There are 2 protein chains.
Amino acid sequence: MKFESQPSYSLGHRTPARREAAASEIGANVTLVSQSALGAINRGRVLQALYDNGPKSRADLARLAGVNRTTITGIVQPMIEEQLLVEGDAAPSDVKGGKPARPLYFNPDAPMLGAVLLLPGTIQACLVALTGEIRAVTKAEFDPFGDRQAFIATLTKTLTSTLSHAHQAPFGIGVASGGMIDSDNGVILAVNLAPVLTGLPLVNILQEHFSLPVVIDHHPRALLVGDRWFGPGRGQQNFAAIYTGEVLGGAFFIDGKVYRGLAGSGGELGHTVVQIDGEICNCGKHGCWETVAALPWLRKEAARLGLPQPGSITCARLVKEAEDGSKAADALLDRYTRNVAFGIVNLQQTLFLNSYVLHGDVAGGGAKAAERVRQHVERLVVKRPSQEISITVNGIGEGHTALRGAAGLVLSSHLKVVI
Amino acid sequence: MKFESQPSYSLGHRTPARREAAASEIGANVTLVSQSALGAINRGRVLQALYDNGPKSRADLARLAGVNRTTITGIVQPMIEEQLLVEGDAAPSDVKGGKPARPLYFNPDAPMLGAVLLLPGTIQACLVALTGEIRAVTKAEFDPFGDRQAFIATLTKTLTSTLSHAHQAPFGIGVASGGMIDSDNGVILAVNLAPVLTGLPLVNILQEHFSLPVVIDHHPRALLVGDRWFGPGRGQQNFAAIYTGEVLGGAFFIDGKVYRGLAGSGGELGHTVVQIDGEICNCGKHGCWETVAALPWLRKEAARLGLPQPGSITCARLVKEAEDGSKAADALLDRYTRNVAFGIVNLQQTLFLNSYVLHGDVAGGGAKAAERVRQHVERLVVKRPSQEISITVNGIGEGHTALRGAAGLVLSSHLKVVI
DNA sequence: GCAGTTAGTTTGTACCTCGCACAAACTTAT
DNA sequence: ATAAGTTTGTGCGAGGTACAAACTAACTGC
């Protein structure tokens, strides 16, 4: 399946950044900002403001950004003509009177975004509208230890089926995957639990097959973007997404942008050391955070303490059993959330993001579990004056956040807010 | 002492950013970039390129930044007229011939920067030229537990003496201080070892006294800026400065800018946990990195192992004794550098900066100590393909790096590369 | 019906980068 | 010595962007 007609107005990404290429060829570490880049930046920021604040009138946007109303008109008008944005019904005017404002927001019928969530054994694909709406979810399974060609066939088939629901060519495809990802080169470096994915140049494969822009990033980063887009991180400039489950991971939103180290590294929190010479970890080192705050630890402890069905213990069950009066469950929940807290404490001492969104197993324990974690963090951190630490769970639901985040990856790679 | 004539060309900071103020008043989280801001940004980047690469011709700068030569001329000409930059002698032309290039660099006679280093009990002040040269160093002492007015008098007297060596009004004064600093509001929040400084609104005091722009930040951040300016971090886009000594701290240069959390927080690495329920720390928590990698730990272990003069043990001495054949010193050095490595490992797993500059006690151990730390880090980190970790010491010398960094703080607060 | 208020647009201006053309200065080949 | 080729640095006009002032549109309240 090939999409022919690329929308001429690809989300503020008008001209390919040939200057960047030229500059990077000679290894320049400095790039000046050109006028046209300035336009793209400001277009991106206006869209960002719309995501952060919901539908807003031109005048509101101007006030929000501290710029002239005419500037906003200039930025917004072409996007309305391209049918990326739409004017809503006139809002009732203020108490003081005046011409009623016409709120602007994303056109639900604008091209959508393709999203793929790749976890060991399962594929999920869907379309995401610019309004955040999720459509045409398709699921499939694959053998994590199987044949590479078979996997690629399954993936393209699933994605083709999903994309066929779109009326027009999507802006691009975003992929979120477990494991270690090189997002710069679009390659899956390694997934311990799904060797078939190891070394897969997925971006090239999908780009060729669908003739669409494709971006890939690792799972926690997709969760982060999903949180930022329509979740608890909405409008925030600094926060982290933390994933707990069979493994631990994290991703950071720093000063208004997603943190990505070289080749898309960063956030491999599972293997930070919290116990020098502690238990051995999957990675071969000792005392990683993952050895005391992931599900394998929880199962082992549940078994040791004689809790019922330790093999299928989760934070959610632990919260429930503790509420039902089990002292043992309560005690274990306390130790579990404390161990989870240590990783967050170390992150807090390092970056002081002050805001953390939990995903995965601990998030399954809901607000109760999050509050326990928060209390441990508060106790364990060196507080600065008037500093509030917020720890929340994303109520939207794991899969949807990751898929939306995968879609958001495409957006953020196009609205280069970074300069 | 009051300086009257502010240079009209304050390092690319032409107009006060009144828009930012307007936008922040209504709590906007989005700011559009204006034309004049763009000019300031690009001016800043050209200066940055000069710092990173040394004297360069207009044509070289244009190539480095990937822009037109005429653009560089437009940026650079006013700065030459303001005598901020000077044209050097014509360089011999290339093998292929052509008009010889005229390298540009900072005018040694341009206004300088005032710098202050404030550590418990001691004050150091100096002038720093835009070329990095340090002049008119003045030192003084103060009673860490003494009277606040007395301290302020000593500080202003010292600084006045230093500043009197300048021919013209400096661009501003940068202060680096130990302890916890609120750099947004210019207040020293707390210094455990010097209570007289606690709660001191130093920026206001100095600004009023000298009528100059004043910035303050904590010690590791000054080291970072010093490293970046003329040290091992020169030209780098991502690295961290790590300070070890009586306490531990760090600061990060991320994606080409100094990382500062809310109110100048961030980098309080000493109190990240590396040993859950480990030894108790000064901060009241258990198992902080500081409990196993700072000088108190080293002294305690040296005493326990019966090393000579454990009370004055340092990394430098340990390296020397190990070289002289002491097995005990060698073993302790290995444990010490390993413990130091754990903090760096955790930082590496979190941000993947790949490059670390050591300061303080471990830096006193020179390249040998750094190499030991590097080997431990290599062993303890989960490596990504083709990832090199560099750990260096700054050979320029502690005090000078911090002073130069303090001066650099003024520069970087004026060449707002951040958008 | 009119004053007051707010939203959005039109018009002209200022600023910035870019591409082109050109003079200046130097090397190499004849 | 002269000509050709190369590189540096500078005017000049074009194109794009944000801004300010002035205007129209639409609504409220008296």
Side-chain angles (χ1 to χ4, degrees), chain A residues 12 14-15 17-19 22-23 31-46 55-78 80-81 85 87-104 419, chain B residues 12 14-15 17-19 22-23 31-46 55-78 80-81 85 87-104 419:
Chain A
R14 265 184 193 159
T15 48
R18 102 196 113 68
R19 232 214 5 230
T31 322
L32 300 197
V33 185
S34 72
Q35 236 84 347
S36 56
L38 188 149
I41 291 159
N42 283 349
R43 259 192 310 279
R45 301 218 170 159
V46 167
K56 285 280 168 216
S57 70
R58 296 169 180 80
D60 278 344
L61 287 170
R63 272 189 293 267
L64 228 64
V67 299
N68 201 287
R69 291 202 305 278
T70 59
T71 304
I72 298 293
T73 299
I75 290 172
V76 144
Q77 215 53 46
I80 293 175
E81 277 158 29
L85 301 179
E87 251 184 351
D89 293 335
S93 37
D94 216 355
V95 271
K96 293 181 188 169
K99 178 176 172 177
R102 307 290 309 266
L104 300 172
I419 300 192
Chain B
R14 267 184 194 158
T15 49
R18 101 198 113 70
R19 225 194 35 208
T31 321
L32 300 196
V33 185
S34 71
Q35 240 91 342
S36 56
L38 189 148
I41 290 157
N42 284 350
R43 255 190 315 277
R45 300 219 171 160
V46 167
K56 285 281 168 213
S57 69
R58 297 170 180 79
D60 278 344
L61 287 171
R63 272 189 295 267
L64 260 144
V67 299
N68 200 289
R69 287 201 306 276
T70 56
T71 304
I72 299 292
T73 298
I75 291 173
V76 144
Q77 214 52 48
I80 293 176
E81 278 158 27
L85 299 180
E87 252 182 352
D89 293 335
S93 35
D94 216 354
V95 272
K96 293 181 187 170
K99 178 176 172 177
R102 307 292 307 268
L104 300 172
I419 301 193

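So that the names make sense, note that chain A is the first sequence line, chain B the second, and so on, each numbered from 1. From a predicted model like this one, the values you see are computed outputs, not experimental measurements.
Distance B/L38 CG to D/dG15 P: 20 Å, rounded to the nearest Å. Between the C1' atom of C/dG19 and the CD1 atom of B/I72 lies a distance of 15 Å, rounded to the nearest Å. Taking atom CG of residue A/L61 and atom P of nucleotide D/dC19, one finds them 14 Å apart after rounding to whole Å. One interatomic measurement links the two molecules: CD1 of A/I41 to P of D/dG16, which rounds to 17 Å at whole-angstrom precision. Taking atom CD1 of A/I75 as the reference point, atom C1' of C/dT9 lies 15 Å away to the nearest angstrom. Atoms NZ (B/K56) and C1' (D/dT8) sit 15 Å apart, rounded to a whole Å. The distance between atom CG of A/N68 and atom P of D/dA18, rounded to the nearest whole Å, is 11 Å. Distance B/D60 CG to D/dT8 P: 7 Å, rounded to the nearest Å.
Comparing D/dC19, D/dT10, C/dG8 against the side chain of A/S57 picks out C/dG8 as the nearest. Side-chain atoms of A/K99 lie closest to D/dA26 of the nucleotides D/dT8, D/dC19, D/dA26. For B/R102, counting side-chain heavy atoms from C-beta on, the closest listed nucleotide (C/dG8, D/dG9, C/dT10) is D/dG9. Closest approach to the A/A101 side chain among C/dG8, C/dT17, C/dT9 is made by C/dG8 (side chain taken as heavy atoms from C-beta onward).
If you run side-chain contact (heavy atoms from CB on, under 4.5 Å) between A/V46 and each of A/L85, A/V67, A/I72, only A/I72 comes through.
Remark on DNA chain D: of its neighbouring residues B/A59 and A/G74, the 5'-side contact belongs to B/A59, judged by nearest-heavy-atom nucleotide.
End-to-end axis angle for the helix from C/dG1-D/dC30 to C/dT30-D/dA1, using five pairs per end and rounding to 10°, comes out at 10°.
Side chains of B/I80 and B/Q77 form a contact here, defined as non-hydrogen atoms less than 4.5 Å apart.
Within 4.0 Å of B/R69, counting heavy atoms only, lies at least one base atom of the nucleic acid.
Close to C/dC18, at under 4.0 Å from its OP1 or OP2, lies no side-chain N or O of B/T70.
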